[in-house]
Amino acid sequence: MPLNLFLFGYPRLEHQGQPLPIKLRKGLALLAYLAMAGSPLGRDRLAELLWPESPAGDGRACLRRTLHRMQQRLGAGVFLATPDTIALAPQVVASDAVTFGTLLEQSRREVDPQASRALLRQAVALYRDDFLAGFGLPECPDFEDWQVQQSEGLRQAFGETLTHLAHAAAAADDREAALAHAHRRLSLDPLHEPTHQLLMRLHAESGEPAAALRRYEECRDMLMRELGVEPQASTERIRHAIAHGDYPLALVPMSTPTPVRYVVSDGVHVAYRLYGEGPLTLVALPGFVSHLDFYWDQPELAGFMQALGRLARVVCFDKRGMGLSDRVDQAATPQHTAEDLLRILDAERIDQAVLLGVSEGGPAALTLAAAAPARVKALILYGTLARAMRADDYPWGYAAESYDAQVRALIDDWGGPAGIERFAPGWAGDVERRAWWARALRLAASPGTVRQVFEALKSMDVRPLLAGIACPTLVLHRRDDLAVPIGHGRYLAEHIARARWIELPGEDHWWWVGDAGLVLHHLATFLHSLRDT
């Protein structure tokens, strides 16, 4: 019988259902780290992790003694040790956190929806508490950082899984299961507004409008108390419908996003979603800010993203430093984003993809197309640029002084609907849409992170890559784009060999504002042309 290592909550071991006490804190830390690694790790690395203040030789000696004491307590077969590496024997040690991840992965690969949800239910049953809750090694900062990253990633995956199960149960008219999953989701994050919306809908459907309205009041009070914000417009619409007895309207199905997945790229957890269907995979590279949840919080944007999912299998993601991905010390460069995308494609076993690079995401799409042409079937570039700053041979770039002034204005207005007049002038006078944009910015990044993004953009120049881009390319740009002038798009179309240039009417930079149907038409036509190539 294997040893059971429980990592959700304070770490502990059981053998045949009986507790197996371990008093060595660093022994427990070693077990946890090796279990989550799932492969042999170097002794030098482990010694530096757990005995950071000790010289290299002393650290290895401490590791050796700890390993010896753990082997005496657990048996020699638990560890697979060589003079240079240590691993856990997977057939001897079973971990709840590792099994949790395995079940989620199996669910993603399962084609039968019912079987997939059964795997998800098994996974959430394992999550008894946060990863290593109550445990810590304050004298080991690298271990503490690793623990925080693991805990946040697992907690996010748990929350997304509960959301998925709650909506699936509601769609199947299993009210009891939907309520159970939704309440568990709120116990994890009481501020998760989509779950409050679902509970309002469930109560209304069951003929309990008073309970639905109480849920709204609780949600509003909590948001104001904790974040100083009002509920989203979509929440207000549900409340209004219920208050006026319009329960069928209140129960119009919401767009339910797929669970967030994570891939580790150069030690950074990058968040992404995979949804839709079709013969092609389309990767949507975001602009200067993103948050995977706000794609689905705004009706027009959610509708656009759903339309993409009817054209292709879609990957959307948050760049490192943004949204649901790990925060980092410096802004992601196009090279960072290209490398992170390769890790996502590898994780999902996607051999080739069409890249949709919008705004600040365009340079990363171009970088990946140049660095790994075999992985990029085609490019779609919308409202993007090869270089930000003006130069003698690039006159439509931004002058340094005006660029810095615009960045300062954006940062000064952060927390409000910063920059909406330039990004979406068609929405600038709409109170609800301004409130959504302000909230989206707050969720996506801090002012300091955004300043780093625009500072990095000043030195970005991918023009040398353009001559090497050989894949079919569609370049779309609105004629009067106020955020990225059209000269940037024309330059790209002129310097990429197989580029097709389409000039669109309008001044909105955001692709889902204005005549979004025309944008979708050109995307659909281009994707259709690729299916037989």
### Query
Are L104 and L120 close enough, and set up right, to give a side chain to side chain contact (heavy atoms under 4.5 Å, CB included), and what steps lead you there?
CA-CA 6 Å; L104 294 187; L120 293 180; 3.5 Å; yes
#### Entry: Heavy atoms from other residues, nucleotides or ligands near CD of E48 exceed 12 (cutoff 6.0 Å)
no
### Task
Evaluate side chain to side chain contact (heavy atoms under 4.5 Å, CB included) for V78 paired with Q71, printing each intermediate quantity in order.
CA-CA 7 Å; V78 170; Q71 288 173 324; over 6 Å; no
### Task
Compare every heavy atom of S359 with every heavy atom of P363, then report the nearest pair and how far apart it is.
CD-O, 3.8 Å
### Message
Taking P190's backbone N and O only, do any of them form a donor-acceptor pair with H196's side chain (distance below 3.5 Å, no angle check)?
### Response
yes
#### Entry: Nearest-0.5 Å distance that lies between atom NE2 in H167 and atom OG1 in T195
6.0 Å
### Query
Side chains of R184 and V124: does their closest heavy-atom pair fall under 4.5 Å?
yes
### Message
Just to verify, what does Y398 make a ring-ring contact (aromatic ring centres under 6.0 Å, His included) with, not counting sequence neighbours?
### Response
Y403, H488
### Query
Just wondering, more than 12 heavy atoms not from E176 lying within 6.0 Å of its CD?
no
### Task
For residues D130 and S151, report the shortest heavy-atom separation together with the two atoms involved.
CB-OG, 4.0 Å
### Query
Which heavy-atom pair separates S290 from A444 by the least distance, and what is that distance?
O-CB, 3.4 Å
### Task
Kindly determine whether E152 and R327 satisfy salt bridge (charged side-chain N to carboxylate O under 4.0 Å, His left out), including the steps that lead there.
CA-CA 12 Å; E152 289 180 349; R327 295 298 187 253; over 6 Å; no
### Message
Assess whether a salt bridge exists between K458 and D404, defined as any Lys/Arg side-chain N lying under 4.0 Å from an Asp/Glu carboxylate O.
### Response
yes
### Message
With heavy-atom distances below 4.5 Å as the criterion, would you say the side chains of T367 and T337 are in contact?
### Response
no
#### Entry: Side-chain heavy atoms of P286 within contact of D318, under 4.5 Å
no
### Message
Could you check whether any side-chain heavy atom of H15 comes within less than 4.5 Å of a side-chain heavy atom of L74, counting everything from C-beta outward?
### Response
no
### Nearest non-hydrogen partners of L50 and A29, listed with the distance
CD2-CB, 3.9 Å
### Message
Determine whether E193 and Q197 satisfy the following criterion, side-chain hydrogen bond (donor to acceptor under 3.5 Å, both in side chains), listing intermediate values before the conclusion.
### Response
CA-CA 6 Å; E193 198 166 345; Q197 293 179 352; 4.5 Å; no
### Value rounded to 0.5 Å, distance of CE in M36 from CG in L132
8.5 Å
#### Entry: E226, CD atom: more than 12 neighbouring heavy atoms under 6.0 Å
yes
### Reported CG-to-CZ distance for the pair L355 and R375, which is rounded to 0.5 angstrom
10.5 Å
## Note on the structure
In terms of heavy-atom contacts, P334 and M460 come closest through CG-CG, 3.9 Å
### Message
Can a donor-acceptor pair be found, under 3.5 Å and without considering hydrogens, that links the side chain of R498 to the backbone of A470?
### Response
yes
### Task
Only one of V270, D340, V268, V260 passes side-chain contact (heavy atoms from CB on, under 4.5 Å) with S325; say which it is.
V270
### Task
State whether the side chain of R442 and the backbone N or O of G415 hold a donor-acceptor pair below 3.5 Å, judged by distance alone.
yes
### Query
Roughly how far apart are K319 NZ and H336 NE2, rounded to 0.5 Å?
12.0 Å
### Cation-aromatic face contact R128/F8, 6.0 Å, 45 degrees
no
### Task
Can you establish whether the number of heavy atoms outside H183 located under 6.0 Å from its atom NE2 is more than 12?
yes
### Query
Side chains of H164 and T161: is there a donor and an acceptor less than 3.5 Å apart?
no
### Task
Would you check if the side chain of D326 reaches a backbone N or O of H269 as a donor-acceptor pair within less than 3.5 Å?
yes
### Message
Quick check: closest heavy atoms across F100 and A123, and the distance to 0.1 Å?
### Response
CD1-O, 3.2 Å
### Query
Counting only N and O atoms by type, is there a donor-acceptor contact under 3.5 Å from the side chain of D84 to the main-chain atoms of G42?
no
#### Entry: L63 side chain near L30 side chain, heavy-atom distance below 4.5 Å
yes
### Message
Walk me through whether L199 and L179 qualify under side chain to side chain contact (heavy atoms under 4.5 Å, CB included).
### Response
CA-CA 7 Å; L199 287 169; L179 287 171; 3.5 Å; yes
### Query
Where do Y272 and L324 land on the side chain to side chain contact (heavy atoms under 4.5 Å, CB included) test, with the steps shown first?
CA-CA 8 Å; Y272 68 99; L324 299 178; over 6 Å; no
### Message
Any side-chain to backbone donor/acceptor pair from R43 onto T82? Under 3.5 Å, distance only.
### Response
yes
### Query
Under 3.5 Å, is there a donor-acceptor pair between the side chain of R12 and the main chain of N4?
no
### Message
Between R60 and D44 (salt bridge meaning N to carboxylate O under 4.0 Å), is one present in this structure?
### Response
yes
### Task
Would you mind reporting whether R313 and I350 have side-chain heavy atoms less than 4.5 Å apart?
yes
### Query
From L28 CG over to L13 CG, what is the distance, rounded to the nearest 0.5 angstrom?
7.0 Å
#### Entry: Side-chain donor/acceptor of Q147 to backbone N/O of F135, under 3.5 Å
yes
#### Entry: Short N-O contact, D351 and K377, less than 4.0 angstrom
no
### Interatomic distance, I411 atom CD1 to S446 atom OG [nearest 0.5 angstrom]
8.5 Å
### Task
Among residues two or more places apart or on two chains, list those pairs meeting ring pair (Phe, Tyr, Trp, His ring centres under 6.0 Å) that have a residue in residues 140-163.
Y33-W146, Y127-F158, F131-W146, F143-W146
### Message
Between Q106 and Q122, is there a side-chain heavy-atom distance shorter than 4.5 Å?
### Response
no
### Query
Looking only at atom types and distance, does a side-chain atom of W511 sit under 3.5 Å from a main-chain N or O of G383, one as donor and one as acceptor?
no
### Query
Would the number of heavy atoms belonging to other residues, nucleotides or ligands and lying under 6.0 Å from CZ of R349 be above 12?
no
### Side-chain heavy-atom pair L366, I496 within 4.5 angstrom cut-off
yes
### Summary
With E160 as partner, the option from R155, R273, R261 fulfilling salt bridge (Lys or Arg N to Asp or Glu O under 4.0 Å) is R273
### Query
Hey, are D293 and R439 close enough for a salt bridge, meaning a charged N less than 4.0 Å from a carboxylate O?
no
